[in-house]
Peer 1: 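Can you read through this structure? Questions will come right after.
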Amino acid sequence: MRLQAPRGTSDQLPDDQTYWDLVRGKAAQVASTFGYRRIETPMFESADLFERGVGSTTDIVEKETYTFEDRGGDMLTLRAEATAPVCRAYLQHGMHSLAQPVRMFYVCPVFRYERPQSGRYRQHTQFGIEVIGEADASIDCEVIEVGWRYLEAVGLSGLTLVINSIGDAECRPAYVELLKAHYSPHREEICEDCARRIDRNALRLLDCKNAQCQSFIEDAPASADNLCADCESHWEDLRRYLEETGIEYQIDHRLVRGLDYYTRTVFEISPPEEGRMVTIVGGGRYDGLIEQLGGRPTPGIGYGMGLERVIQNIQRQEVPTPADDRARVMVVHRGDAAKTAGVRIASQLRRDGIAATLAPPRGMRAQMRYAASSGATHAVIIGDDELAKDVATLRDLGASAQSEVPLAELASALLT
RNA sequence: GUGAGCGUGGCCAAGUGGCAAGGCGCCAGGUUGUGGCCCUGGAGAUCGGGGGUUCGAAUCCCCUCGCUCACCCCA
């Protein structure tokens, strides 16, 4: 095989589109039900945006971006995540002067240079939402609910919602010190990565997967137990509101997230896979991000959802996809005059709003085969007999029944 | 970045040193103008690529590329 799609990318073939239509259509539908409006930002941004927004020491920025210099000498980065670009757009277009909060959603490709594996690609598609300009916990609850209702809407079940609060600029520093103090005496007993994390990114100590570190994680102080008064009441509010939605949640003190900008609420939604649970949705509050990007202090919260993972789970759970029961017609013809008439009839059917295709110029048997394998619901058969009478033979391929229909009545016969 | 498994027509796949099976799909037929089932025929292969061993390599050895899975990280 000489030419193929670049590593970690894939083609979304015609046969795959049933899923993509479902997954994209429901995204727009559910998001707009909650009052979110679509935003689309460029596929690439100034490299600077992701460094400042996502955090220059995160893995994403450190080793996973597609960064390049364009012909004019600017350093650009393919969209490595969508929150920072949306915040950039919020600032650039003065959305702070709109009624707050501003609710937006997007479905867009995201690029990260990673080693591909199941559910992880170098180009993947995210359905995400962002609410900017309101810090109240009811918004946190709403954002979580959008993600949850969406996954319900596409037909997934058995999902798990996990939440946590990691505090804010007020209380997190003290908590991080507490964590470091918990770990420092054990530097020799934990894994190498964790030893490094103590100084570099202490929060990440909590999601280490190594066996030797598990007992330290168990005994570690929890961020949610060490919140300042404001964060504490925000955390309580969130849980109270969540109860009102009827969505079940678990609190996981080990849930921290990989992007630097998160504050207070963080959450994930995962499918019911035994063994490894690959997160479908990950999100959280980012009250410091807008300011980090040069705006006035403005709260925000959102999530990102991997649509390839959603589709993977739809397939695993064998969720039925909606069938398209509209008529699709194959115009089958015999003889030159009939072929010419077929061109005319197919054209007219389309103008009448019916999907119609002219069968390829082969024997009738082959044309009928083509009709069947193309998924056509009906064959409109034209030959000299029909031409003479100004009718067509309309064959219902599902029912294997046919009758002659005057050409003028074809469309109405197909629309009933 | 680390580790493991795997690369044979479009897809699935047999073949483990001696003429590259088979199935699906595709194309054409099975006497008058009709799909799905059945039957017949046909097209389609640098056996991922390069090098080596050998009289002879899809098969053994080396290198390389790719795919998949796991770690890491993340959606």
Side-chain angles (χ1 to χ4, degrees), chain A residues 1-10 13 15 23 54 58-65 79-83 107-128 147 151 191-194 196-197 201 204 207-211 256-259 267-271 275-284 302-313 330 332-335 338 359-360 362-387 392-402:
Chain A
M1 186 154 307
R2 274 184 63 203
L3 285 176
Q4 52 186 340
R7 184 157 206 210
T9 68
S10 55
L13 299 173
D15 279 347
V23 130
V54 180
T58 57
D59 278 4
I60 289 183
V61 166
E62 230 174 33
K63 46 195 188 193
E64 296 180 0
T65 53
R79 177 169 44 221
E81 61 95 49
T83 299
V107 175
C108 67
V110 170
F111 305 87
R112 288 180 203 161
Y113 185 85
E114 298 181 275
R115 195 88 175 256
Q117 65 185 68
S118 180
R120 198 179 70 184
Y121 311 98
R122 288 186 175 178
Q123 175 180 341
H124 74 276
T125 311
Q126 282 197 16
F127 161 39
L151 293 171
C191 72
E192 272 180 47
D193 286 339
C194 281
R196 241 180 308 118
R197 287 176 179 132
N201 196 345
R204 304 311 302 281
D207 64 3
C208 181
K209 310 292 190 303
N210 284 340
V256 294
R257 297 193 43 77
L259 292 77
F267 67 96
E268 291 185 353
I269 301 176
S270 306
R276 286 215 52 70
M277 295 227 299
V278 182
T279 304
I280 300 178
V281 184
Y303 69 67
M305 170 169 350
L307 290 186
E308 285 80 4
R309 291 181 181 179
V310 171
I311 290 176
Q312 191 174 48
N313 282 285
M330 186 66 61
V332 171
H333 46 89
R334 179 169 183 272
R362 303 182 194 149
M364 283 198 65
R365 175 192 178 79
Q367 292 186 48
M368 289 301 291
R369 266 208 253 259
Y370 188 73
S373 71
S374 73
T377 57
H378 295 79
V380 165
I381 302 166
I382 317 288
D384 292 338
D385 298 352
E386 285 85 356
L387 284 180
T393 297
L394 177 59
R395 182 171 179 83
D396 183 325
L397 294 172
S400 293
Q402 65 187 44

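We name chains A, B, ... by the order of the sequence lines, and we start the count at 1 in each one. Both backbone and side-chain heavy atoms feed into the values below; hydrogens, waters and symmetry mates do not. Values in this document were obtained by computation on a predicted structure and should not be read as measured data.
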Peer 1: If B/A28 has a Watson-Crick or G-U wobble mate with both distances under 3.5 Å, name it; if not, just say none.
Peer 2: B/U40
Peer 1: Between B/C74 atom C1' and A/E308 atom CD, what is the distance in whole Å?
Peer 2: 13 Å
Peer 1: Please pick, from B/A75, B/G36, B/G33, the nucleotide with the shortest atom-to-atom distance to any side-chain atom of A/S400.
Peer 2: B/G36
Peer 1: Quick one: on RNA chain B, does A/T393 or A/A5 contact a more 5' nucleotide (nearest heavy atom)?
Peer 2: A/T393
Peer 1: Keeping A/E308 on the side-chain end and A/T125 on the backbone end, is there a donor-acceptor pair under 3.5 Å?
Peer 2: yes
Peer 1: Distance between the P atoms of B/G18 and B/U40, in whole angstroms?
Peer 2: 30 Å
Peer 1: Which listed nucleotide (B/A28, B/C26, B/G35) is nearest to the side chain of A/R362?
Peer 2: B/A28
Peer 1: Write down the partner of B/A4 under the Watson-Crick or G-U wobble criteria, each distance required to be under 3.5 Å.
Peer 2: B/U68
Peer 1: Once ring pair (Phe, Tyr, Trp, His ring centres under 6.0 Å) is applied, do any residues pair with A/F267, and if so which ones, sequence neighbours excluded?
Peer 2: none
Peer 1: Using the C1' atoms only, state how far B/C19 lies from B/A57, rounded to an integer number of Å.
Peer 2: 14 Å
Peer 1: I want to verify a distance call: between B/G35, B/U34, B/C73, whose nearest atom is closest to the A/R120 side chain?
Peer 2: B/C73
Peer 1: Find the partner of B/A45: check Watson-Crick (N1-N3 plus N6-O4 or O6-N4) and G-U wobble (N1-O2, O6-N3) distances, both under 3.5 Å, and reply none if neither fits.
Peer 2: none
Peer 1: Closest approach to the side chain of A/Q4, judged atom by atom: which nucleotide of B/G35, B/G66, B/G33 is it?
Peer 2: B/G66
Peer 1: From CD1 of A/I269 over to C1' of B/C74, roughly how many Å is that when rounded to an integer?
Peer 2: 16 Å
Peer 1: Counting only side-chain nitrogens and oxygens, does A/Q117 get under 4.0 Å of the OP1 or OP2 atom of B/C71?
Peer 2: yes
Peer 1: Let's see if you can work this out: which of B/U34, B/G1, B/A75 has an atom nearest to the side-chain heavy atoms of A/R112?
Peer 2: B/A75
Peer 1: For A/F127, which contact category applies under a 4.0 Å heavy-atom criterion: base, sugar-phosphate, or nothing?
Peer 2: nothing
Peer 1: A/R112 and A/Q126: which non-hydrogen atoms are nearest, and at how many Å?
Peer 2: NH2-NE2, 3.7 Å
Peer 1: Any donor-acceptor pair under 3.5 Å joining the side chain of A/E386 to the base of B/G33?
Peer 2: yes
Peer 1: Considering all heavy atoms of both residues, which atom of A/P360 and which atom of A/Y370 are nearest to each other, and what is their separation?
Peer 2: CD-CD2, 3.4 Å
Peer 1: Verify, without hydrogens or angle tests, whether A/Q367 (side chain) and A/H333 (backbone) share a donor-acceptor contact under 3.5 angstrom.
Peer 2: yes
Peer 1: Starting from the 5' end of RNA chain B, give me the residue, A/R7 or A/A376, whose nearest nucleotide shows up first.
Peer 2: A/A376
Peer 1: B/U2 and B/G22: how far apart are their C1' atoms, nearest whole angstrom?
Peer 2: 41 Å
Peer 1: In terms of side-chain heavy atoms of A/E64, which of B/A70, B/C73, B/G33 is nearest?
Peer 2: B/C73
Peer 1: Heavy atoms, side chains only, cut-off 4.5 Å: are A/R369 and A/R362 in contact?
Peer 2: no
Peer 1: When you compare B/C62 with B/C72, how far apart are their P atoms, in angstrom units rounded to a whole number?
Peer 2: 31 Å
Peer 1: Distance check needed: B/A75 P versus A/I311 CD1, whole Å only.
Peer 2: 18 Å
Peer 1: Output the single nucleotide from B/A75, B/U34, B/C71 whose closest atom is nearest the side chain of A/M364.
Peer 2: B/U34
Peer 1: Would you find a donor on one side and an acceptor on the other, under 3.5 Å apart, between the side chain of A/R309 and the backbone of A/G119?
Peer 2: yes
Peer 1: Using a 4.0 Å heavy-atom cut-off, does A/E268 contact any base of the nucleic acid, only the sugar-phosphate backbone, or nothing at all?
Peer 2: nothing
Peer 1: A/R115 side chain N/O closer than 4.0 Å to the phosphate oxygens (OP1, OP2) of B/G1?
Peer 2: no
Peer 1: Find the distance A/R204:CZ to B/C73:C1' and express it as a whole number of Å.
Peer 2: 7 Å
Peer 1: I'd like to know if A/Q367 reaches the base of B/U34 with its side chain such that a donor and an acceptor end up less than 3.5 angstrom apart.
Peer 2: no
Peer 1: Measure from the side-chain heavy atoms of A/A366 and tell me the nearest of B/G35, B/C73, B/A28.
Peer 2: B/A28
Peer 1: What is the base-pairing partner of B/A21, counting Watson-Crick and G-U wobble geometry with both distances under 3.5 Å?
Peer 2: none
Peer 1: Does any part of the side chain of A/I269, heavy atoms only, come nearer than 4.5 Å to the side chain of A/M305, both counted from C-beta?
Peer 2: no
Peer 1: Look at A/T279 and B/C74 and indicate whether a side-chain polar atom (N or O) is within less than 4.0 Å of OP1 or OP2.
Peer 2: no
Peer 1: Whole angstroms only, please: what is the CD-C1' distance between A/Q123 and B/A75?
Peer 2: 13 Å
Peer 1: Please name the nucleotide paired to B/U54 by Watson-Crick or G-U wobble geometry with both distances under 3.5 Å, or report none.
Peer 2: none
Peer 1: Compute both the distance and the angle, then confirm whether A/R79 meets the cation-pi test with A/F111: under 6.0 Å from the six-membered ring centre, within 45 degrees of the axis.
Peer 2: no
Peer 1: Give none if B/A14 has no partner; otherwise give the nucleotide forming a Watson-Crick or G-U wobble pair with it, both distances under 3.5 Å.
Peer 2: none
Peer 1: Tell me what A/I381 touches on the nucleic acid: a base, only sugar-phosphate, or nothing, going by heavy atoms under 4.0 Å.
Peer 2: base
Peer 1: Base, sugar-phosphate or nothing for A/G119? Non-hydrogen atoms, less than 4.0 Å.
Peer 2: base
Peer 1: Return the value, rounded to whole Å, for the distance between atom CG of A/D396 and atom P of B/U34.
Peer 2: 19 Å
Peer 1: Select base, sugar-phosphate, or nothing to describe what A/V281 touches, counting heavy atoms under 4.0 Å on all strands.
Peer 2: sugar-phosphate
Peer 1: Between B/G7 and B/U59, how far apart are the C1' atoms? Round to whole Å, please.
Peer 2: 14 Å
Peer 1: Within less than 4.0 Å of OP1 or OP2 of B/G25, is there a side-chain N or O belonging to A/R369?
Peer 2: no
Peer 1: Could you tell me how far apart A/R395 (CZ) and B/G35 (C1') are, to the nearest whole angstrom?
Peer 2: 7 Å
Peer 1: Rounded to whole angstrom, note down the P distance from B/C39 over to B/G25.
Peer 2: 12 Å
Peer 1: P atom, B/C61 versus B/G17: distance in rounded Å?
Peer 2: 12 Å
Peer 1: Mind calculating the distance between CD (A/E114) and P (B/A75) to the nearest angstrom?
Peer 2: 9 Å
Peer 1: Of the listed nucleotides (B/U68, B/C74, B/U34), which one gets closest to any side-chain atom of A/R309?
Peer 2: B/C74
Peer 1: If we take the P atom in both B/C24 and B/G36, what is their distance in whole Å?
Peer 2: 14 Å
